[in-house]
Protein chains: 2
Amino acid sequence: MDEMYQRHAELCKVFASPTRLEIVDLLRSKELSVTALVEKTKMGQANISQHLAIMKYKGIVTSRRSGTNVYYALADSRIVAAFDIICEVLAKKRMIGA
Amino acid sequence: MDEMYQRHAELCKVFASPTRLEIVDLLRSKELSVTALVEKTKMGQANISQHLAIMKYKGIVTSRRSGTNVYYALADSRIVAAFDIICEVLAKKRMIGA
DNA sequence: GATAAATATTAGCGTATTCTAATATTCTTA
DNA sequence: TAAGAATATTAGAATACGCTAATATTTATC
């Protein structure tokens, strides 16, 4: 039971980084290569690779190789659902002014 | 746009701690005093108070004083929905064996 | 096989986080 | 107003995190 919260927290840590959230958002509808993610996020390549490695290890994304490119995609569509719920909560907070 | 991911991440950080997740879970159906939360989580009082302060600042919980007791409750029921979605994703991962 | 492009890995620095111990504050009751 | 219960705050240590720079690996093409 206690270990369950630990596992839950480990998974949530994935969403505790702005860069990883941006990656999730970019992958919500289609897979993208590392290069594409680097261009869109305007972050360093090593950094993006590290974040993708973390997300893959946590089971949030999958990867597939095609030539020299590696394409990443979300492993579970419910991730987007959770993402959007947090956005709703944020939007509500804005209105209240918190 | 970029700041949106920052704010989103700040909110998700609340769920990146096993102790805070346990607090959210304990508060899912009813408000509880700090003492009750300390007893149920078996963590130090200072620690629980700190976590509650973080969660209150982030707008995840509300508090109400009654005598010497302070009762905390979830501020938005959708928090539980997001919590449960992550649990579903975790359960699926268990089956796959990741 | 050498070269070039795409991606991954490693090391290290600065910062943030979580916990404990000690102390302070708030509120009730006598 | 003094004492005790509930809660909050502060300081400090150990650990974890996110980024950059440099280097290594993988794959395709010549």
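Residue numbering restarts at 1 for every chain, and letters A, B, ... go by the order of the sequence lines.
Counting only heavy atoms from C-beta outward, the side chains of B:Val34 and B:Asn69 never approach each other to under 4.5 Å. Using a 4.5 Å heavy-atom threshold, the side chains of A:Ile23 and A:Met55 count as touching. Counting heavy atoms from C-beta on, the side chains of B:Ile79 and B:Asp76 come closer than 4.5 Å.
Listed by chain and number, the residues in a salt bridge (charged side-chain N to carboxylate O under 4.0 Å, His left out) with A:Arg65 amount to none (sequence neighbours excluded).
Ion pairing of B:Lys40 with B:Glu22 is absent here, as no side-chain N (NZ or NE/NH1/NH2) approaches a carboxylate O to less than 4.0 Å.
Between the CZ atom of A:Arg20 and the P atom of D:dC17 there is a distance of 8 Å, rounded to whole Å. Rounded to a whole Å, the CG atom of A:Leu21 is 16 Å from the P atom of D:dC17. Atom NE2 in B:His51 sits roughly 17 Å away from atom P in D:dT10 (whole-Å rounding). Remark: P of D:dA16 and NZ of B:Lys13 are 17 Å apart, rounded to the nearest angstrom. For the pair B:Leu52 CG and D:dT7 C1', the computed distance is 10 Å after rounding to whole Å.
No engagement by B:Tyr71 is indicated, since no non-hydrogen atom pair under 4.0 Å with the nucleic acid exists.
In this structure a side-chain-to-backbone donor-acceptor pair under 3.5 Å is present from A:Arg20 to A:Lys13.
For the pair A:Asn47 and D:dC19, the criterion of a side-chain N or O lying under 4.0 Å from OP1 or OP2 is met. The shortest distance between the side-chain N/O atoms of B:Asn69 and the OP1/OP2 oxygens of D:dA5 is not below 4.0 Å.
Between A:Met43 and A:Ser66, it is A:Met43 whose nearest contact on DNA chain D lies nearer the 5' terminus. For B:Val70 and A:Gly44, each mapped to the nucleotide of DNA chain D holding its nearest heavy atom, the one lying further toward the 5' end belongs to B:Val70.
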Go through the steps to decide whether B:His8 and A:Phe15 satisfy the test ring pair (Phe, Tyr, Trp, His ring centres under 6.0 Å), and finish with yes or no. CA-CA 8 Å; B:His8 194 147; A:Phe15 310 112; 8.1 Å; no

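Interface remark: the B:Gln50 side chain does not form any donor-acceptor pair with the D:dT7 base, using a distance-only criterion of under 3.5 Å. Within 3.5 Å, no donor on the side chain of A:Gln45 pairs with an acceptor on the base of D:dT20, nor the reverse.
A 4.0 Å heavy-atom criterion places the boundary nucleotides of DNA chain C facing chain B at C:dT17 to C:dT28, written 5' to 3'.
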